[in-house]
Number of protein chains: 2
Amino acid sequence: MLFATFAVSTSNSCYAAYMKSVPKPRNKAAAKPTINDIARLAGVSKKTVSRVINRSGSLHDDTREKIEAVIRETGYVPNPQARALALGRNFLIGLVHDNPNAQMILNMQQGILEALRDTDFELVVRPVDRSSPDMLDDVRSFLVRQRLYGVVLLPPISEIDALARLCEEVNCKYVRMGSSVLDDPDHMVASNDRDAVIEATRHLIALGHRRIGLISGPHGFNSAQVRRDGFEFALAEAGIKLPRSLIADGQYTFESGIAAAESLFDLQPRPTAIFACNDEMAAGVLFAARSRGIAVPEELSIIGFDDTPIAARVWPPLTTVRWPIVAMGRSAALKIIGDATSVSPEDQEPSTFVSTLVRRGSVAPPMK
Amino acid sequence: MLFATFAVSTSNSCYAAYMKSVPKPRNKAAAKPTINDIARLAGVSKKTVSRVINRSGSLHDDTREKIEAVIRETGYVPNPQARALALGRNFLIGLVHDNPNAQMILNMQQGILEALRDTDFELVVRPVDRSSPDMLDDVRSFLVRQRLYGVVLLPPISEIDALARLCEEVNCKYVRMGSSVLDDPDHMVASNDRDAVIEATRHLIALGHRRIGLISGPHGFNSAQVRRDGFEFALAEAGIKLPRSLIADGQYTFESGIAAAESLFDLQPRPTAIFACNDEMAAGVLFAARSRGIAVPEELSIIGFDDTPIAARVWPPLTTVRWPIVAMGRSAALKIIGDATSVSPEDQEPSTFVSTLVRRGSVAPPMK
DNA sequence: TATATCTGCGCAAACGATCGCCCATGATAG
DNA sequence: CTATCATGGGCGATCGTTTGCGCAGATATA
């Protein structure tokens, strides 16, 4: 038996009676120390051990150190299931998303997991269907049943205010990932997409491009709106008129990028550059250009957004905007578990991250 | 520090908020009924309710139907935390992986989540570091602490026998994903990579290719070995000699594909076709060919493996082998939770899946 | 010295299921 | 007609924590 060698420092008759009342020993194969063992070895009560574990209440330094020593010595780890039951709250962080870019989800997971490493938290992933009328109920039952400690909401569903209200209602911490800064830094991690798009568009303009096409994101997406705003601002700033025909609707998918590019290619004269609101669509533009024999970047410059792996794998590699998703995921997770871990509680996690232009081979000055 | 802490005041206030939110619009799931409520409403004991929930023991049809009616009526859902504590087993499925292809992880998650949909199970993701000496201990503490119901092991770490033994030891169900069939169908889901590679290679040979290069996967990977075996088998079968110089080492990464392609391009004469053991490396070959001005598929045919999204997004789109990862993930999850769900317990989940050749634009007959 | 105020700490009751045992009931055999 | 058995169903212990309440003992104030 694991603890037979430990000295029992108190002869508590109540405890002895308790031990005697146990009808039969459980399977001791998975014998792990419980809080009772720690209390017995330290000569205190469970409550006191719980106090040092949860840093609640005040207690003598001697007592605390004694208990901490015993914990360290036995390698005691509190049982998460029992904690969850007593606390009514689980040590799980949920990642709720609605099938946006696959690479983005994975980078997000990576960032969150980095923050959760060496903590007691685990990551639970949960895709939802935004178009389903039951979506809110699904999420609600997910949060309530699993008693999640917190959730990270990925765009585009992070833009649904009802979801945020739901989290408040069921008392679940949450962080919304987004493309524009809300006035709620505790529940929001965002990037400065607008500035980055302005920078990208200025880059094209500086090279001499004047007929620049835009492939937008789907309607109703905040990120799509913000990126389009930045694009239009940069053009207006340079005094360039933007005819409606140069704006093509996209759906953030490769195929929609191809379709949008086809429509832009049919214009007379053709745009000399295209800004696509994400890399998937930019890859579609490149694909469509190749199909038509349009040389990139000689006859057509392309800029994407996201800097997903595909941007660097196509030929020519795409100039794009790098979005620090991993760092944002880490920050989001730290915002949620921040008060539960004792790692430097002072410095606030940043809420805004800077996206930067990555110059590769898909951009060149326009032909004369 | 070692343990997470809770702010007591937060916990209290949220409890109050939760209690206040009980007068709820929907009469269904907000006020969570307990098993005691069900027992009282049905006029039976907790134990009997538990019997119908867990399908254990035998009991009168009248009793069962009565209880089921009450459960349906009240929208009762058993508390997962309490179940986990009493059962010593959580309703969580773990996905343990060591950073292989990102797209593969995501497809895997999708497949598993499809199987878990409408069950009480959730998916917990856990990346590990295979090169770390603590890897086994990390996984062990993960399994033991979270009391996982089961885990899905992704390649390449699925090939580590010690991991499988560890799962047995801690009494955790597991399924290993792989590229070759082991003799343990209960714990293995595999695809017939070898046959698929043979088919792909035969395809190249039938078109007239004789100098075919191979970019292998990293040493020690079973999938790499199996794919290489298939390649060599198909060449031998056609009586084609394979000089060692036509085999280049790859690491399953885009960059290693570029490097391996460069070395093959330096050969005199150059190979007319290259089989890369995954799409990432195949994309690297295409990238390297473009850099050198080698026309694909006119001067060089390329075949990849996996059919990840990138294969269809580059130009020309890559001929590749499609691996039914999503279906395999679903099957793996069903193998684990199969006996816990009442969905047709008779039909065994398949252990072997068929990979098929997808013909796209990166293959053509060799030039004369 | 007596009273009031803290402070550290323990007892025992939740938390919400599961499950070992025991009992009641009706059927069947001797 | 009684003894044995099979079977549906209940009581209460248990899983390992957290926490409300209360009680000593120490310190401060009058």
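Chain letters run A, B, ... following the sequence lines, proteins first and then strands; every chain starts at 1.
With A/T74 contributing its side chain and A/V70 its backbone, the two residues share a donor-acceptor pair below 3.5 Å.
Note on ring orientation: taking the six-membered ring where Trp is involved, the planes of A/F91 and A/F121 are tilted (angle from 30° to 60°).
If you take CG of A/D120 and C1' of D/dT18, they are 16 Å apart, rounded to a whole angstrom. Nucleotide D/dC15 holds its P atom 18 Å from the CG atom of B/N79, rounded to whole Å. Here the P atom of nucleotide D/dT17 and the CD1 atom of A/I53 are 7 Å apart, to the nearest Å. If you take CD of A/Q81 and C1' of C/dT18, they are 15 Å apart, rounded to a whole angstrom. We find that CZ of A/R147 is positioned 7 Å from P of C/dG16, with the value rounded to whole Å. Atom pair A/I38:CD1 and D/dG16:C1' shows a separation of 12 Å (rounding to whole Å applied). For the pair A/R51 CZ and D/dT17 P, the interatomic distance rounds to 16 Å; values are reported in whole Å. One interatomic measurement links the two molecules: CG of B/L87 to P of D/dT14, which rounds to 18 Å at whole-angstrom precision.
Nearest-nucleotide assignment on DNA chain D puts the 5′-proximal partner with B/K47, out of B/K47 and A/A86.
Taking the C1' atoms of five terminal pairs at each end of the helix from C/dT1-D/dA30 to C/dG30-D/dC1, the two resulting helix axes are inclined by 50°, rounded to 10°.
With distances taken from any side-chain atom of B/T63 to the nucleotides D/dG9, C/dG20, D/dG16, the minimum falls on D/dG9. Picking from C/dG10, C/dC19, D/dT18 the nucleotide with the shortest atom distance to the side chain of A/V44 gives C/dG10.
Using a 4.0 Å cut-off, some side-chain N or O of B/Y76 falls inside it from OP1 or OP2 of C/dA17. Checking the phosphate oxygens (OP1, OP2) of D/dT18, a side-chain nitrogen or oxygen of A/S50 falls inside 4.0 Å. Side-chain N/O atoms of B/T48 include one lying less than 4.0 angstrom from OP1 or OP2 on D/dG10.
You won't find any donor-acceptor pair under 3.5 Å spanning the side chain of B/R83 and the base of C/dG16, going by distance alone. With hydrogens and angles ignored, no donor-acceptor pair closer than 3.5 Å exists between the side chain of A/R64 and the base of C/dG8. Applying the 3.5 Å distance criterion, the base of D/dT17 shares a donor-acceptor pair with the side chain of A/K46.
Under 4.0 Å is where a charged nitrogen must lie from a carboxylate oxygen, and between B/D161 and B/R176 at least one such pair does.
Counting heavy atoms from C-beta outward, A/E122 and A/L116 have side chains that stay 4.5 Å or more apart. Annotation: side chain of B/Q146 is not in contact with side chain of B/R126 (no heavy-atom distance under 4.5 Å).
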Discussion item. With side chain to side chain contact (heavy atoms under 4.5 Å, CB included) as the criterion, how do A/T48 and A/R51 come out once you've worked through the C-alpha distance, each side chain's angles and the decisive distance to 0.1 Å?
Written reply: CA-CA 5 Å; A/T48 308; A/R51 279 200 183 91; 3.9 Å; yes
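Among the candidates A/D129, A/V139, A/V96, the single residue satisfying the side chain to side chain contact (heavy atoms under 4.5 Å, CB included) test with A/I157 is A/V96.
Here B/L92 contributes atom CG and B/D120 contributes atom CG; the two are 11.0 Å apart, rounded to the nearest 0.5 Å.
Using a 4.0 Å heavy-atom criterion, one finds that B/L85 contacts the bases of the nucleic acid, with or without backbone contacts as well.
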